[in-house]
Amino acid sequence: MKVVVIGGGPGGYAAAFYAADLGMEVTLIDKNTNPGGVCLYKGCIPSKALLHVAKLINETKEARHWGLEFGEPKIDIDQLRAFKNKVVNKLTGGLGVLSKQRKINFVQGTAAFSSSTSVVVTRADGSSETITYDKAIIATGSVIATIPSLMIDSPRLLNSTTALDLPAIPKSLLVVGGGYIGLELGSVYAALGSKVSVVEFMDRILPGADRDLVSHLEKRLKESFETIMLQSKVVGIGESKDGLLVKIENKEGKVEEQEYDYVLMSIGRKPKTDGLGLEYTQVRVNERGWIVADKSLKTHDEHIYAIGDIVGEPMLAHKASHEARVAVDSINGKRVAFEPLAIPAVVFTDPEIAWAGMTENQAKEKGVRHEVVKFPWAASGRATTLDRSDGLTKIIVDPETERILGVGLCGPGAGEMIAEGVLAIEMGATVKDLALTIHPHPTLSETVMEAAELFYGHSSHLYKPKK
């Protein structure tokens with residue numbers, strides 16, 4: 001079985017590696033020198049390296065409350081950039097080694113279909129070749145979304161990629177978009193010393209998450225950011241002598257012009273199928289630009305599968321990796337379907353926000369009967385030892401079956417803890433299962449157990465009056 005995988009991100013390389021492990025003859029095509037995709041080269045991984053540094057800086061400042069004084073940090077931006085690049089190079093280089101160990105034919109270049117069973121690959125040196133296959137997997141991911149009317153040719157106008165290159169530590173930075181990417185990068189620059197402002201069109205930041213989880217983050221960001229402008233939008237950007245002049249329209253329709261050293265445009269990502277040559281196949285694209293695929297990730301062309309960002313939301317690396325396994329198993333003849341009950345989402349700000357399964361907002365919108373139990377981290381011994389009471393654990397429960405519909409977390413390490421919620425939802429666990437599971441003390445994970453106990457009206461560390 002000859003398999004071609006187009007795109008070397010977390011979906012693409014996971015598919016290629018699994019297919020090779022199953023004995024298939026695999027060609028992996030990507031424009032970078034090694035597999036890794038946006039996630040490893042200019043997304044998830046470099047941003048988390050910088051967020052780790054930001055967390056350390058913030059903790060040195062908070063330490064004065066504990067009787068420790070470190071003083072202002074001396075930041076060597078070149079060395080910081082080198083650290084970030086070292087992390088990227090180590091992981092992508094490791095994937096290159098794993099690719100060779102699996103005897104995968106890795107081709108650096110771009111691919112376009114010439115038929116349902118062949119692609120033309122244009123290599124980095126300009127040469128090209130045609131590769132035929134039995135099955136192909138499209139894993140080309142997504143690209144940065146832009147607002148064309150606001151795009152100007154200026155090095156001071158950043159996107160999520162150029163911001164990670166740390167061109168400077170601006171005195172002032174405007175982040176356009178209150179989603180997770182903008183807030184994560186804004187948090188990095190704020191820790192490094194920039195005065196960060198955010199402008200968001202909606203009436204809240206992180207509109208996809210429940211408000212009670214976001215409230216803790218919003219309170220903390222208001223202390224570290226200069227300002228957060230909600231129900232506002234940027235209507236114009238122009239250059240000035242020392243920065244960028246930005247026209248911002250507030251919810252009353254009033255437009256004010258402000259100057260910033262740099263502007264970070266962070267309004268999300270979108271699928272991009274231009275240049276793939278899909279017109280030479282039976283693959284269909286919907287009105288939103290996503291490739292249409294069934295639950296086995298097969299497209300309308302029996303020879304071609306598609307996974308990851310290119311087939312729809314949520315645009316998350318771990319979703320793509322799991323779709324990869326389903327697609328390869330289908331190619332291998334198994335009857336499989338990608339039908340997860342919970343795909344975790346994590347916002348790596350400080351505090352972190354994570355959720356899985358049904359949110360409280362979704363339960364209300366869909367009219368699903370539910371009960372919500374919450375355990376505030378102010379009642380957690382471990383959170384208190386960290387001097388971080390700004391957290392919350394919540395569980396959305398089916399009141400009839402007591403099965404767990406969703407789990408939400410806000411607080412330090414929430415991203416590490418959400419996996420327990422995912423497992424509980426996928427296994428059809430009840431809230432009683434969580435309540436009876438012994439959690440180690442003192443840990444933040446205990447908050448999951450105590451939230452579950454509250455469903456039955458009792459928690460050792462929180463008094464819940466009887467109704």
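- Between the side chains of Thr430 and Asp433, at least one donor N or O sits under 3.5 Å from an acceptor N or O.
- At a threshold of 4.5 Å between non-hydrogen side-chain atoms, the residues His322 and Pro340 do not count as touching.
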What do the steps show when you test Val246 against Val199 for side chain to side chain contact (heavy atoms under 4.5 Å, CB included), and what is the final call?
CA-CA 11 Å; Val246 184; Val199 58; over 6 Å; no
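- Residue Arg220 places its CZ atom among more than 12 non-hydrogen atoms of other residues, nucleotides or ligands, all under 6.0 Å distant.
- Taking every heavy atom of both residues into account, Ala293 and Ala306 meet most closely at CB-O, 4.4 Å.
- Residues Leu157 and Leu244 come closest through the heavy atom pair N-CD1, 4.0 Å.
- Here the side chains of Pro46 and Val87 are not in contact, with every heavy-atom distance at 4.5 Å or above.
- Separating the OG1 atom in Thr393 from the CH2 atom in Trp377 is a distance of 5.5 Å, to the nearest 0.5 Å.
- When only modelled atom types and interatomic distance are considered, Thr359 and Asn361 share no side-chain donor-acceptor pair under 3.5 Å.
- Atom NZ of Lys31 has 12 or fewer heavy atoms from other residues, nucleotides or ligands within 6.0 Å.
- Taking the side chain as every heavy atom from C-beta outward, Ile144 and Met265 never approach each other to under 4.5 Å.
- Here the CD-OG1 distance, from Glu72 to Thr60, works out to 8.0 Å after rounding to the nearest 0.5 Å.
- Closest heavy-atom contact between Leu164 and Leu50: CD2-CD1, 3.9 Å.
- Using a 4.0 Å cut-off between charged nitrogen and carboxylate oxygen, Asp390 and Lys219 do not count as a salt-bridge pair.
- Here the straight-line distance linking atom NZ of Lys233 with atom CE of Met202 works out to 13.5 Å at 0.5 Å rounding.
- At a threshold of 4.0 Å, the pair Glu450-Arg382 does not count as salt-bridged, since none of the basic side-chain nitrogens sits closer than that to a carboxylate oxygen.
- Within the 4.5 Å cutoff, no side-chain heavy atoms of Leu95 are placed close to those of Asn34.
- Under a cut-off of 6.0 angstrom, the local environment of CE in Met427 is sparse, with at most 12 non-hydrogen atoms contributed by other residues, nucleotides or ligands.
- The side-chain heavy atoms of Tyr189 and Leu166, taken from C-beta on, include a pair separated by under 4.5 Å.
- We find that Glu339 and Lys295 are joined by a salt bridge, their nearest charged nitrogen and carboxylate oxygen being less than 4.0 Å apart.
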Passes side chain to side chain contact (heavy atoms under 4.5 Å, CB included), Glu420 versus Leu434? Steps please.
CA-CA 9 Å; Glu420 180 179 7; Leu434 282 184; 3.5 Å; yes
For side chain to side chain contact (heavy atoms under 4.5 Å, CB included), just list the numbers for Val311 and Lys319, CA-CA rounded to whole Å, side-chain angles, deciding distance to a tenth of an Å, and then say yes or no.
CA-CA 11 Å; Val311 295; Lys319 174 240 189 190; 3.8 Å; yes
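- Shown here for Pro351 and Gly411, the closest heavy-atom pair between the two residues is CB-CA, 3.6 Å.
- Between the side chains of Ser215 and Asp212, not a single donor N or O lies within less than 3.5 Å of an accepting N or O.
- Looking at heavy atoms from C-beta onward, Arg102 lies in side-chain contact with Asp21 at the 4.5 angstrom threshold.
- Atom CD1 of Ile438 has 12 or fewer heavy atoms from other residues, nucleotides or ligands within 6.0 Å.
- Annotation: the span from Met449 atom CE to His439 atom NE2 amounts to 6.5 Å, rounded to 0.5 Å.
- For the pair Lys84 and Asp165, the salt-bridge criterion is met [side-chain N within less than 4.0 Å of a carboxylate O].
- For the pair Pro35 and Tyr41, the tightest heavy-atom approach, listed with the atom from each and the gap, is O-CE1, 3.9 Å.
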Apply the test salt bridge (charged side-chain N to carboxylate O under 4.0 Å, His left out) to residues Arg211 and Glu360: give CA-CA distance (whole Å), side-chain angles for both, the deciding distance (0.1 Å), then the verdict.
CA-CA 9 Å; Arg211 192 178 290 274; Glu360 187 177 357; over 6 Å; no
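- Remark: Leu454 CG to Ile395 CD1 distance equals 8.5 Å, nearest 0.5 Å.
- The distance from the CZ atom of Phe348 to the NZ atom of Lys55 is 13.0 Å, given to the nearest 0.5 Å.
- A 4.5 Å side-chain heavy-atom check between Met229 and Ile248 finds at least one atom pair inside the cut-off.
- The two atoms that bring Lys374 and Leu462 nearest to each other are O-CD2, 4.3 Å, heavy atoms only.
- The number of heavy atoms from other shown groups lying within 6.0 Å of CD (Glu259) is above 12.
- Considering only heavy atoms from C-beta on, Ser197 stays 4.5 Å or farther from Ser172 through its side chain.
- Heavy atoms of other residues, nucleotides or ligands lying less than 6.0 angstrom from NZ of Lys48 number more than 12.
- A salt bridge is defined here as a Lys NZ or Arg NE, NH1 or NH2 lying under 4.0 Å from an Asp or Glu carboxylate O, and Lys364 with Asp210 fails to meet this definition.
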